[in-house]
Amino acid sequence: MAKDNDSLSKSQKKKLWWQIPFLLFLVLGTFYIVRQQHSMPYQKNHGVVFGTFYNVTYQFDTDLQQEIEAELQQVDQEFSMFNQESTVSKINRGETPKLNSMFLEVYRLATQVNADTDGAFDITVAPLVNVWGFGFKHEEMPSAHQVDSLLEFVDMKQLQLDEQQQVLHKKDERTMLDFSAIAKGYGSDCVARLLQKHGVKNYMVEIGGEVVTNGISPSRVPWRVGVSKPVEDSLQTSKELQTVLNVTDLSMATSGNYRNFYYKGGRKYAHTIDPQTGYPVQHSILSATVLAKSCALADAYATSFMVLGLEKAKQVLERHPELMAYFIYSDAKGDYAVWYSPSLKEKIND
């Protein structure tokens with residue numbers, strides 16, 4: 001019996017000696033991979049798209065700017081109101097182009113947010129934006145009669161999607177589409193997807209303030225994104241921050257009335273138009289920042305919250321625990337005040 005035990009012990013020892021080189025190989029391989037990841041450079045690309053700037057920082061051994069810009073041009077080709085050959089421009093002219101998967105994805109998301117916010121988010125708001133002087137056409141201040149007449153065809157119910165033919169029909173030819181409140185966020189999502197296809201783990205994509213992050217920054221810490229203080233800054237030169245958020249594996253979008261506005265007759269007119277009243281919003285919210293898994297979604301809800309106002313925005317957030325928001329608003333005394341989702345507290349880095 002003792003001999004059998006001794007034989008078993010020798011067998012186990014022999015097996016162990018075979019395992020040691022394998023384990024050593026795994027340890028060295030893991031060490032090599034980690035070292036490679038740490039030594040791999042971060043690429044930085046920037047440029048102009050959608051009438052604003054984009055910045056992309058990502059850890060990869062190859063510069064992907066050409067592919068990134070090609071992806072952004074595809075988004076522009078679908079949603080730009082300044083590109084006469086874009087799908088949106090064609091629809092606004094009364095044409096019925098066949099819709100691709102990119103357009104359909106954004107249109108369905110816009111429809112979803114429109115329903116969830118009781119019409120606060122509406123991609124048919126273009127005629128109102130234009131008549132108030134914030135669109136691609138600048139006109140004189142509208143009369144009450146003009147606003148009322150435009151409201152007749154500003155409503156997403158004016159649109160009918162033919163799923164089988166993949167075309168969009170307008171009940172009223174005067175209805176116009178404007179995806180500017182969701183296109184930048186969607187563009188950031190598209191670039192993030194491109195990076196993921198290349199196996200990139202650490203990146204930050206930013207288009208006009210709409211951000212998608214993943215992994216860690218070049219400093220080996222979570223990405224830190226600033227929320228601008230809503231000081232009146234039509235030239236967009238102010239860099240003053242209200243707070244800084246530690247953000248990673250999330251998307252973030254901000255909407256505010258402190259940069260795109262004008263004064264007339266001693267009154268301030270801001271660019272966020274309420275699709276139901278037809279007039280620029282007069283709520284106390286100065287800036288709405290939303291964090292979500294999708295930047296297009298964050299972009300759309302940020303605009304919606306500017307339209308809804310503080311209390312109604314909170315009601316929407318109660319239905320969506322997956323969303324986080326940071327609101328800067330004007331209190332009863334006219335001073336800056338802040339409200340944010342309780343789940344956002346651990347991400348605030350003042």
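Fair warning: this is a prediction, and the values are worked out from it, not measured in the lab. Excluded from the calculations below are hydrogen atoms, water molecules and symmetry mates; all remaining heavy atoms, backbone and side chain alike, are included.
Using a 4.5 Å heavy-atom cutoff, the side chains of T272 and P280 are not in contact. Side-chain contact between Y107 and L168 is present, with at least one heavy-atom pair separated by less than 4.5 Å. The closest side-chain heavy-atom distance from V75 to M102 is below 4.5 Å. The shortest distance between side-chain heavy atoms of Q77 and T87 does not fall below 4.5 Å. Side-chain contact between V244 and V227 is absent, with no heavy-atom pair separated by less than 4.5 Å. The closest side-chain heavy-atom distance from D249 to T213 is not below 4.5 Å. The shortest side-chain heavy-atom distance between V154 and Q276 does not fall under the 4.5 Å cut-off. For the pair I91 and T96, the minimum side-chain heavy-atom distance is 4.5 Å or more.
A donor-acceptor contact closer than 3.5 angstrom links the side chains of E105 and Y186. Using modelled atom types, one finds no donor on one side chain facing an acceptor on the other under 3.5 Å when comparing S89 with Q84. Side-chain N/O atoms of N55 and E206 include a donor and acceptor closer than 3.5 Å.
The two atoms that bring A298 and S251 nearest to each other are CB-O, 4.4 Å, heavy atoms only. Residues T124 and P127 share a closest heavy-atom pair of O-CD, 3.3 Å. The heavy-atom pair separating L344 from A325 by the smallest distance is CD2-O, 3.6 Å. Residues V307 and P275 share a closest heavy-atom pair of CG1-CD, 4.0 Å. Nearest heavy atom pair, residue K170 against residue T175, reads NZ-O, 2.8 Å. Minimum interatomic distance between K184 and G208 (heavy atoms only, all atoms of both residues): NZ-O, 3.5 Å.
Look at E95 and K90 and you find no salt bridge, because none of the NZ, NE, NH1 or NH2 atoms lies under 4.0 Å from a carboxylate O. Salt-bridge check for R319 with D116: passed, with a basic side-chain N closer than 4.0 Å to an acidic carboxylate O. The pair D335-K333 does not meet the salt-bridge criterion, since no charged nitrogen lies less than 4.0 angstrom from a carboxylate oxygen.
In this structure, F153 CZ and D172 CG are separated by 6.5 Å, a value rounded to the nearest 0.5 Å. With rounding to the nearest 0.5 angstrom, the CG atom of L286 is 13.0 Å from the OG atom of S228. Note: S294 OG to L250 CG = 11.5 Å, rounded to the nearest 0.5 Å. How far CG of L297 is from CD1 of I182: 7.5 Å, rounded to the nearest 0.5 Å.
Within the 6.0 Å centre-distance limit, the rings of F179 and F103 are counted as a close aromatic pair. Proximity of the aromatic rings of Y58 and Y42 is defined here by a centroid distance below 6.0 angstrom, and this criterion is not met.
None of H198, Q43, E71 except one satisfies the side-chain contact (heavy atoms from CB on, under 4.5 Å) rule with L64; the exception is H198. Between W339 and the options Y329, Y326, F327, F305, a ring pair (Phe, Tyr, Trp, His ring centres under 6.0 Å) holds for only F327. Each of V212, V56, V191, T57 was evaluated against Y203; a single residue qualifies, V212, per the side-chain contact (heavy atoms from CB on, under 4.5 Å) test.
Checking side-chain atoms of D178 against main-chain N and O of I123 turns up no donor-acceptor pair under 3.5 Å. Checked by atom type and distance alone, the side chain of D299 never pairs as donor or acceptor with a backbone atom of C295 at under 3.5 Å. The backbone N or O of P218 lies less than 3.5 Å from no partner atom in the side chain of Q59, so there is not a single donor-acceptor pair. Between the side chain of T277 and the main chain of Y279, a donor-acceptor pair closer than 3.5 Å is present. The backbone N or O of L177 lies less than 3.5 Å from a partner atom in the side chain of N92, making a donor-acceptor pair.
Residues I68 and F60 share a single hydrophobic cluster, defined by chaining ILVMFWY side chains whose heavy atoms lie under 4.5 Å apart. Hydrophobic clustering places L310 together with F121 (ILVMFWY residues linked when any side-chain heavy atoms are closer than 4.5 Å, directly or through intermediates). A chain of hydrophobic side-chain contacts below 4.5 Å, direct or via other Ile, Leu, Val, Met, Phe, Trp or Tyr residues, connects L159 to L161. M204 and I216 fall within the same hydrophobic cluster, defined by Ile, Leu, Val, Met, Phe, Trp and Tyr side-chain heavy atoms under 4.5 Å apart, directly or through other members.
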* Asked: What do the steps show when you test V113 against S304 for side chain to side chain contact (heavy atoms under 4.5 Å, CB included), and what is the final call?
  -> CA-CA 8 Å; V113 179; S304 302; 3.6 Å; yes
* Start with the C-alpha gap between K347 and M324, add the side-chain angles, then the distance that decides, and say whether side chain to side chain contact (heavy atoms under 4.5 Å, CB included) holds. => CA-CA 11 Å; K347 298 184 181 297; M324 292 180 282; 3.8 Å; yes
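Other residues, nucleotides and ligands contribute at most 12 non-hydrogen atoms within 6.0 Å of the CZ atom of F53. Within a 6.0 Å radius of NZ in K312, no more than 12 heavy atoms belonging to other residues, nucleotides or ligands are found. E173 CD: 12 or fewer foreign heavy atoms inside a 6.0 Å radius.
Pairs passing the salt bridge (charged side-chain N to carboxylate O under 4.0 Å, His left out) check and including a residue from residues 145-163, sequence neighbours excluded, read R108-E163.
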